[in-house]
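Below: one structure, written as structure tokens.
Letters go in sequence order (proteins before strands), and every chain restarts at 1.
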Protein chains: 2
Amino acid sequence: MARAATTSDAFNAIAEPQRREILVLLRGGERPVTDLARNLGMTQPQASKHLRVLREVGLVRVREAGRQRLYGLDAGGLRPVHEWVGGFEQFWSESFDRLDQYVQELKQARQEGSPDDDDQ
Amino acid sequence: MARAATTSDAFNAIAEPQRREILVLLRGGERPVTDLARNLGMTQPQASKHLRVLREVGLVRVREAGRQRLYGLDAGGLRPVHEWVGGFEQFWSESFDRLDQYVQELKQARQEGSPDDDDQ
DNA sequence: CCATCATATGCCCATATGGGAATGCGTCAA
DNA sequence: TTGACGCATTCCCATATGGGCATATGATGG
């Protein structure tokens, strides 16, 4: 096998720097392909290809607008990534002495978060 | 060019499922290569290769222990990933209560970004 | 209906990947 | 010293990538 498909995962999709840049740009609102391409200094076909990957993974969404296709952010797919990485937070917070504080923050985050609670 | 090197980035390193599993296992403490390989159902050479990538990106650390090499987590490198993805949190948390925070970040992003912008 | 703009695709290529298998080493036990 | 163990490295291979370029498809304006 070769490397896993970029479209297999949000993890794989955001492994590409340019795709990350696209997502960041889209945070500012919907944009047509050409606009993205210009702003990121890439050719239109390249932008289209990256957008396709992002679309297949469900990180962006398209909306037809005349002869343009407006791409918009659909960040839901990033949530799993955030959660997975978050599972390591305690390991990069330097002092293990403050483990209790960590737990507190966890609890607090829980209160703020949606009422739905399940843990991994 | 082909795809970016897996060793170029924490983003790229964790794009591989098996590498993610390794990291999760290491959360439980240091482990020798063979142990990891067995636990994850992969061959020893495979484990070694993955560990090498993780090492080069700085996500794991080795410690010589007799004829074993104990690999341990060094999660610091995951922090940037967590932060980057966290920048999208407001977009998947449906509560608009945080709208103000969103606006703030938007402003900040604008300052950082190039002033050049035209619209469709 | 035709010229043009906005996108998506198709091709070709160089590259690095992850898998498999074999092997090179350093370390420890007898 | 010899043999077994633990791990890293090297080769070979199939695959999909991202880049560049040309072109097909669609919608728009005259």
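The side-chain heavy atoms of B/Arg19 and B/Ile14, taken from C-beta on, include no pair separated by under 4.5 Å. Side-chain contact check for B/Val60 versus B/Asp74: every heavy-atom pair is 4.5 Å or farther apart. At a threshold of 4.5 Å between non-hydrogen side-chain atoms, the residues A/Trp84 and B/Leu23 count as touching.
D/dG19 atom C1' lies 13 Å from atom CZ of A/Arg19, rounded to whole Å. Atom CG of A/Asn12 and atom P of D/dT15 are 18 Å apart (whole Å). Put simply, CD on B/Glu64 is 11 Å from C1' on D/dA8, counting in whole angstrom units. A/Leu40 places its CG atom 12 Å from the P atom of D/dG19, with the value rounded to the nearest Å. One can place CG of B/Asp9 at 16 Å from C1' of D/dT17, the figure rounded to the nearest angstrom. Between the CG atom of B/Leu70 and the C1' atom of C/dT27 there is a distance of 14 Å, rounded to whole Å. Between A/Arg55 atom CZ and C/dT7 atom P the separation is 12 Å, expressed in whole Å. Taking atom CE on B/Met42 and atom P on C/dG20, their separation rounds to 11 Å, with Å as the unit.
Between C/dT9 and A/Arg52, a contact under 4.0 Å exists linking OP1 or OP2 to a side-chain N or O. Remark: A/His50 is not in phosphate contact with D/dT17, judged by side-chain N or O atoms under 4.0 Å from OP1 or OP2. The shortest distance between the side-chain N/O atoms of B/Tyr71 and the OP1/OP2 oxygens of D/dA8 is below 4.0 Å. Between A/Thr34 and C/dT7 there is a side-chain N or O to OP1 or OP2 distance below 4.0 Å. OP1 and OP2 of C/dG26 both lie 4.0 Å or more from every side-chain N or O belonging to B/Arg69.
Cation-pi geometry between A/Arg20 and B/Phe11 is met: the NZ or CZ atom falls under 6.0 Å from the ring centre, inside 45° of the normal.
Ranking C/dT17, D/dT17, D/dG29 by closeness to the A/Arg67 side chain, first place goes to D/dG29. For B/Glu16, taking side-chain heavy atoms from C-beta onward, the closest of the listed nucleotides C/dA8, C/dG18, D/dA27 is C/dG18. The side chain of A/Val33 approaches C/dT7 more closely than any other nucleotide in the set C/dT7, D/dA8, D/dG6. Of the candidates D/dT9, D/dG18, C/dG20, D/dG18 carries the atom nearest the B/Arg3 side chain, counting heavy atoms from C-beta on. For A/Lys49, the listed nucleotide lying nearest its side chain is C/dC11; candidates were C/dC11, C/dC5, C/dA14. Which of C/dT7, C/dG20, C/dA21 sits closest to the side chain of B/Pro45 comes down to C/dA21. Nearest to the side-chain atoms of A/Gln68 among the listed nucleotides C/dT9, C/dG18, C/dA6 stands C/dA6.
A donor-acceptor contact under 3.5 Å links the side chain of A/Gln44 to the base of C/dA8.
A salt bridge between A/Arg3 and B/Glu16 is absent, with no side-chain N of the basic residue lying under 4.0 Å from a carboxylate O of the acidic one.
Comparing A/Ala65 and A/Gln18 against DNA chain D, the residue whose closest nucleotide sits nearer the 5' end is A/Gln18. Mapped onto DNA chain C by nearest heavy atom, A/Ser48 and A/Ala4 fall at different nucleotides, with A/Ser48 at the one closer to the 5' end.
Remark: of the listed residues A/Val33, A/Asp35, A/Leu25, A/Val33 is the sole one forming a side-chain contact (heavy atoms from CB on, under 4.5 Å) with A/Tyr71.
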